[in-house]
2 protein chains.
Amino acid sequence: MAKKQALTVTFIGGLGEVGKNMMVFGCGEDMLIVDAGITFPRDEDPGVDIILPDFSFLHENRDRLRGLVITHGHEDHLGAVPYLLKEVRLPVYGTSLALGLLEDKLREQGVKLPRGSRTVTPGEKFRAACFEVETFRVNHSIADTVGLAIDSPAGLVVHSGDFKFDQTPVDGKVTDLGRLAGYAERGVLALLSDSTNAERPGYTPSERTVGRALDEICRHAQGRVLVTTFASNVHRIQQVLWAAGKADRKVAVVGRSIERTVEVASRLGYLEVPDGLMVEVEQANRLPAAGVVLMTTGSQGEPLSALSRMASGDHRRAEVRQGDTVVIAATPVPGNERLVARTVDQLFRRGAEVVYEAHRGVHVSGHGSREELKLMINLVRPKFFVPIHGAYRHLVRHAELACELGIPERNVQVAENGAVLEFTGDRVREAGRVPAENVMVDGLGVGDVGGVVIRDRLQLAQEGVVVVFLVLDRKTGTLAAGPDIISRGFVYMRESEELIGEARQKVAELLARLDGRDWAAVKGAVREGLGRFLFERTGRRPVLLPVILEVGDGQ
Amino acid sequence: MAKKQALTVTFIGGLGEVGKNMMVFGCGEDMLIVDAGITFPRDEDPGVDIILPDFSFLHENRDRLRGLVITHGHEDHLGAVPYLLKEVRLPVYGTSLALGLLEDKLREQGVKLPRGSRTVTPGEKFRAACFEVETFRVNHSIADTVGLAIDSPAGLVVHSGDFKFDQTPVDGKVTDLGRLAGYAERGVLALLSDSTNAERPGYTPSERTVGRALDEICRHAQGRVLVTTFASNVHRIQQVLWAAGKADRKVAVVGRSIERTVEVASRLGYLEVPDGLMVEVEQANRLPAAGVVLMTTGSQGEPLSALSRMASGDHRRAEVRQGDTVVIAATPVPGNERLVARTVDQLFRRGAEVVYEAHRGVHVSGHGSREELKLMINLVRPKFFVPIHGAYRHLVRHAELACELGIPERNVQVAENGAVLEFTGDRVREAGRVPAENVMVDGLGVGDVGGVVIRDRLQLAQEGVVVVFLVLDRKTGTLAAGPDIISRGFVYMRESEELIGEARQKVAELLARLDGRDWAAVKGAVREGLGRFLFERTGRRPVLLPVILEVGDGQ
């Protein structure tokens, strides 16, 4: 069966980096967006709140966009949707929990779901122009996660979603292996698969193993048990509830995001909460310690999270006490290792026992390790393979793995954000590039914090700022007031009077040699001359802000 | 045998944190300092170059200080010595390599080793007033590391040094287990032991396992092999040289600290360099790829290190090429995970194969895991136990381990920096506290960057700075020029003209309501009023610097 059309896949986010997943499938005049996520910023972006994917390509092709499908409810897959929907309108498809969480966010931002949007049950199909999309359930660290089998005149492409193969899932819903094998029977043009754990040999343990560890802890701990985990992991929360119930402990929840998850998930039927099990924190505080489990936010050591504040005694409603057992049922997201370590130290100082090490079995990943990645490829038997959802090294390791399984190297493509891949029946190639910058959101403004501002902030952070102000006579260009110098973050002004005095002198000398009416020259000379002086004296390079005001007739 | 005197151990650095180790043993009128190290700063201390321990206690007791002994050549054990020797003079004792590395630093800072200082061979004793100190060799990630058996009228105390038990050490020098057992025979009052890996079950693999992995890689790699490791790990470098020799590869070194280590270590006899093995980089660049090993700095992903610059094409003398195999023979120091990951991604992008994952066997720790920590305690059989050299959680885990082995809980003491522990025959107790702050060194100034300056820098980094300047008439207090506003790191000035215009207006309004001659009031009002305005409009809180200059008669 000859396929006459080419399929393009345009990667805007999520490849070669961790976060802000977004890709666009194109066939003929139709485009389908898969996911629109955000990233939380890194240390090098001080003052930036979130990072969005670049919508330029979408704007250019707004007349071809037929739909947006969300594969699951994590921020790096749906966090950008409210921002996107303010700029383009198109039907949104997603599972019940994903759309439930999305609608919360849309409400916060005053955005409505566009007409034609709908919930899809895993296993259900929907059509978006020339694309017929079948969703299939996969196991992940949030319930209601799907992969996609996207059929079009170009062929059948399988997008794995974020997945692992959990053979004993908490909700009993094993991945439909037969369905995946069925795609292979039809002939799969390409598989795009989750590379997050492509470095890890073996298998990722089942979520149920955490349940067993929690059972042990809840049974044997003499005092209270506090559990912190990712708020979105409903199956983990379910196992906490079960373990508490078995050990005759009541459960209270501390922290907005976990409270919200419990509410949304139980309302939508994803969480089974036995009657009478859950109590308010204030009530739990009055129960015997051996009869209490507290579930809190703060698995990443975030300074403002419930657990962090409880560890430092700053939380209004609860505190960590001597004799508590605190379970960190999570692993630090790369970059957060120090924050989590600091929280663990704090908890120990308060006399708690802390269960946090990897070998304690209180956390498993939501992404498959190498053997599961091989299983996915062998089930689906694609012609072409593209590793997705990972940092560059993860993509490379996943590509190597695909070759190990026999997929010819020329049919395996490692791409990065901005790449446009084109699949014809015979080959895959990089057919172009599109803009795929990081769009920073800082406070209330979208996009107005770019490279220059961040560089300034970094230098300010490293070296401080020195402001030099000069009041110049408009007519003569001579000094009418100043030079005066203040600084922040450079030296203690009070203890550095001598240095500041010399700096002032230096500036006056520089000025005496110039025509004060040439402001640009004055600023340049001050920046250079004073900058050199300060570096020689202190070894530091503060940001220098020369400031000139004019006074005189006609002012 | 009744011990009449008490022993005090004062912890100034290294307990409850990782870095800047320093402790002081006291008996009667005599004090002995063990180690004086530095810490490299964390993200939260922007602009700070290194962190020193607090010398206050040493100043207060300068007449009692009898000696300083360095247990090995790592920065967190000797980096503060040059600074210390500028303030107090006392004999310094250390092994050949440690003192060799120290003398390099002293030379840089123009400091001489005090009279009475000397090299000690592992196993050798020395006396410092009432202390008789016997050194014993231990295995670690730098050669010539010792532990200490410190005898005094108060009893025999064993300080483990930084150690592991490597049963097949590269230099053939196994720890003298009999000697340690001998201390137990004499009766050990207290053991102070290295807690770094107290979280890790099992044993730390021998350094030789890395050699085997390097052999494999050097034999099978088709192109060049690049190896990066901690420059101070002489045994690791030795194994690189051996592996290269076996695989008929020449070795070139790139990077100042590794070049220096190879020079010092071979001169002092710690590194055996076969004739003709090592070549200059330029020469290596002309050899066939399969005949080359490059050793470089950059195992921590440091942006200015050789490997980082080679990965981005910025290094003058060498670059990473397609077909290279790059071995990261190190693990990221906590906090550096992102930097290392970024370097790995860069190397993959350049077409190198990168060997970096933990399971690849190219790095082992220099610190013992739990089974080795138990072995140390069981060999030495101390009465009291104090975990040292670790973050708080490490100290707690190590204390738990000691209790598991039968040391009564009341004889196990977890302390933190600033604690003074007192040991009598019968008990250990915390007998007081001393100053143990972090002393920050920034550029050329020691100690003048404190809490306030760093907070300013953090806020500057997060939010930027806005300078508001007003020129006021001396007599009337009214505005003679301005208000004018400039900013750095806040918004793009060019694109925010409207906002800046409104801000200027706001300031003028605020001023109109005040007496301009009351500068404090003016500054306060501007900071508050403008701060509130900017936050409402942008959600950000930049540092506000109101600046007032006066003009008028008599100026």
Side-chain angles (χ1 to χ4, degrees), chain A residues 16 42-43 46-47 199 201 334-335 337-338 341 344-346 348-349 354 356-357 359 391-393 396 442-445 448-450 452-454 456-458 460-465 467 469 471 480-482 484 486 488-492 495-496 537-540 543 545 547 549-551 555, chain B residues 16 42-43 46-47 199 201 334-335 337-338 341 344-346 348-349 354 356-357 359 391-393 396 442-445 448-450 452-454 456-458 460-465 467 469 471 480-482 484 486 488-492 495-496 537-540 543 545 547 549-551 555:
Chain A
R42 314 147 292 175
D43 294 329
E199 291 162 328
E337 296 85 354
R338 297 280 302 279
V344 171
D345 283 349
Q346 273 297 94
F348 272 123
R349 285 188 181 100
V354 189
Y356 65 99
E357 297 104 314
H359 64 267
Y392 198 78
R393 61 194 178 283
V396 171
D442 180 341
L444 303 175
D448 74 342
V449 178
V452 176
V453 176
I454 285 173
D456 276 344
R457 284 193 190 165
L458 283 171
L460 285 169
Q462 289 291 326
E463 306 285 302
V465 65
V467 184
F469 32 92
V471 182
D484 217 331
I486 57 177
R488 276 292 182 279
F490 175 50
V491 292
Y492 280 129
E495 294 172 1
S496 310
R537 298 287 254 94
T538 68
R540 290 171 224 170
V543 170
L545 288 182
V547 164
L549 290 168
E550 276 190 335
V551 287
Q555 170 67 23
Chain B
R42 313 147 293 174
D43 294 330
E199 291 162 328
E337 296 85 353
R338 298 279 301 278
V344 172
D345 282 349
Q346 272 299 95
F348 272 123
R349 285 187 181 102
V354 189
Y356 66 99
E357 297 104 314
H359 64 268
Y392 198 78
R393 60 195 180 283
V396 171
D442 179 341
L444 304 174
D448 74 342
V449 178
V452 175
V453 177
I454 284 173
D456 277 344
R457 283 193 191 165
L458 283 170
L460 286 168
Q462 288 292 323
E463 306 284 303
V465 64
V467 184
F469 32 91
V471 182
D484 216 330
I486 58 176
R488 276 294 182 280
F490 175 50
V491 292
Y492 280 130
E495 293 172 4
S496 310
R537 297 288 253 95
T538 69
R540 291 172 223 170
V543 171
L545 288 182
V547 164
L549 289 168
E550 277 190 335
V551 288
Q555 168 69 23

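Protein chains get the first letters and strands the later ones, always in sequence-line order, with residue 1 at the start of each.
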Q. Looking at residues at least two apart in the chain, or sitting in another chain, which of them share a salt bridge (Lys or Arg N to Asp or Glu O under 4.0 Å) with Glu337(B)?
A. none
Q | Per-residue contact mode, Glu357(B) against chain A (heavy atom under 4.5 angstrom) | A | side chain
Q. Which pair of heavy atoms, one from Asp345(A) and one from Ala391(B), lies closest together, and at what distance?
A. OD2-CB, 3.6 Å
Q.
Just so I understand: if I count every heavy-atom pair under 4.5 Å between each of Arg349(A), His359(A), Glu199(A) and chain B, which residue has the most?
A. Arg349(A)
Q: Applying side chain to side chain contact (heavy atoms under 4.5 Å, CB included), name anything that partners Val354(B), two or more places apart in sequence or on another chain.
A: Ile328(B), Val344(B), Leu347(B), Phe348(B), Tyr356(B)
